[in-house]
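Working notes for the structure below.
In what follows, residues are counted from 1 in the order of the sequence shown.
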Amino acid sequence: MKKLVLLAVWAILFLGAIAVGAVLLATGGEMGGGSAPSTSSGAGAPSGPSGTPAAAVPLEPPKVPGQPPGPRLIRLNPVYVKSELTEPLRPCFLAFPPVSDGLATLALDMEARPEGGFTVMGSRVKLWGQASAGLVACVQQALLGKKVSGSALPAGEHAEFEYSLEIPESIVPPPPEPTPASLPANRQSPPRRSGSR
């Protein structure tokens with residue numbers, strides 16, 4: 001009889017151990033609600049392309065204070081501009097005569113030459129004004145490669161020059177001769193005396 005009781009007790013203990021093991025396996029080893037998941041110092045922080053925190057991604061160096069964005073703008077002597085840029089455009093103005101004032105403004109890409117001055121490497125239309133498309137296209141082609149005197153910059157450095165189209169002086173019509181009525185009194189012919197021949 002005692003043997004049967006002992007066997008029954010051992011069977012109950014064995015089944016209880018099996019039940020506890022099954023519960024532990026089902027809950028992943030967490031008892032009593034489980035512990036909070038561990039977090040690292042970088043958890044939740046955005047990461048860069050290589051998986052490193054975004055703060056470790058190198059940033060571009062800041063721009064020089066006071067330096068305006070965009071290309072460097074230059075000024076050229078108007079005398080050089082008229083003689084070396086505007087006057088060679090005579091064929092374009094003859095082929096596409098403008099109908100009114102207020103012509104286009106071009107932004108010229110200027111490259112500094114080793115001997116000084118600049119070479120026109122290209123252009124873009126900044127303001128169309130009243131200029132025709134044919135005139136602007138002809139001017140852009142004619143200006144390409146033109147050289148103009150100017151201040152010295154390191155050779156190869158690029159700058160921008162705002163060039164306003166003007167009719168070359170060689171084709172500007174001369175002012176009309178003044179009429180006799182508009183001449184000063186001392187330049188008018190003296191009145192003829194009566195009886196004089």
Shared hydrophobic cluster, Leu153 / Leu73 (ILVMFWY, side-chain heavy atoms < 4.5 Å) = no
query = Do you reckon Met121 sits in the same ILVMFWY cluster as Val125, going by side-chain contacts under 4.5 Å, direct or chained?
reply = no
query = What closest approach, in Å, do Pro98 and Phe93 show between heavy atoms, and which atom pair accounts for it?
reply = CD-CD2, 3.9 Å
message = Are Leu143 and Trp128 connected into the same hydrophobic cluster when the rule is that any two of I, L, V, M, F, W, Y join if their side-chain heavy atoms are below 4.5 Å apart?
response = yes
task = Determine the minimum heavy-atom distance between Ala131 and Val136, stating which atoms define it.
result = CB-CG2, 3.8 Å
message = Taking side-chain contact (heavy atoms from CB on, under 4.5 Å) as the criterion, tell me which of Phe161, Tyr163, Tyr80 meets it with Val148.
response = Tyr80
ask   = Any idea which heavy atoms bring Glu84 and Lys146 closest together, and the distance?
value = O-CD, 4.3 Å
note = Which of Arg75, Arg72, Arg124 passes salt bridge (Lys or Arg N to Asp or Glu O under 4.0 Å) with Glu160? It is Arg124
remark   = Interatomic distance, CG@Leu106 vs CG@Leu165, rounded to 0.5 Å, equals 5.0 Å
request  = Assess the side chains of Thr105 and Glu162: does a donor N or O sit below 3.5 Å from an acceptor N or O?
outcome  = no
message = Please give me the minimum heavy-atom distance between Glu169 and Glu87, naming the atom from each residue.
response = N-OE1, 3.7 Å
query = If you draw a 6.0 Å radius around NZ in Lys82, do more than 12 non-hydrogen atoms from other residues or ligands fall strictly inside?
reply = no
query = With the 4.5 Å side-chain cut-off for hydrophobic clustering, are Leu144 and Phe118 part of the same group?
reply = no
task = Considering non-hydrogen atoms only, spot the tightest contact between Pro88 and Ser83 and give its length.
result = CD-O, 3.8 Å
ask   = Can you tell me how far CG of Leu89 sits from SG of Cys138, rounded to the nearest 0.5 angstrom?
value = 8.0 Å
query = Rounded to the nearest 0.5 Å, what separation is found between the OG1 atom of Thr119 and the CG atom of Leu108?
reply = 12.0 Å
Residue pair Gln130 / Val99, side-chain heavy-atom distance below 4.5 Å = no
query = At their closest point, which heavy atom of Leu76 faces which heavy atom of Ser149, and how far apart are they?
reply = CD2-O, 3.9 Å
message = Distance check, rounded to the nearest 0.5 Å: Ile167 atom CD1 versus Leu135 atom CG?
response = 9.0 Å
message = Within a 6.0 Å radius of atom CD on Gln141, are there more than 12 heavy atoms belonging to other residues, nucleotides or ligands?
response = no
task = First locate atom CD1 of Ile171, then atom CZ of Arg90, and finally report the distance between them rounded to the nearest 0.5 Å.
result = 6.0 Å
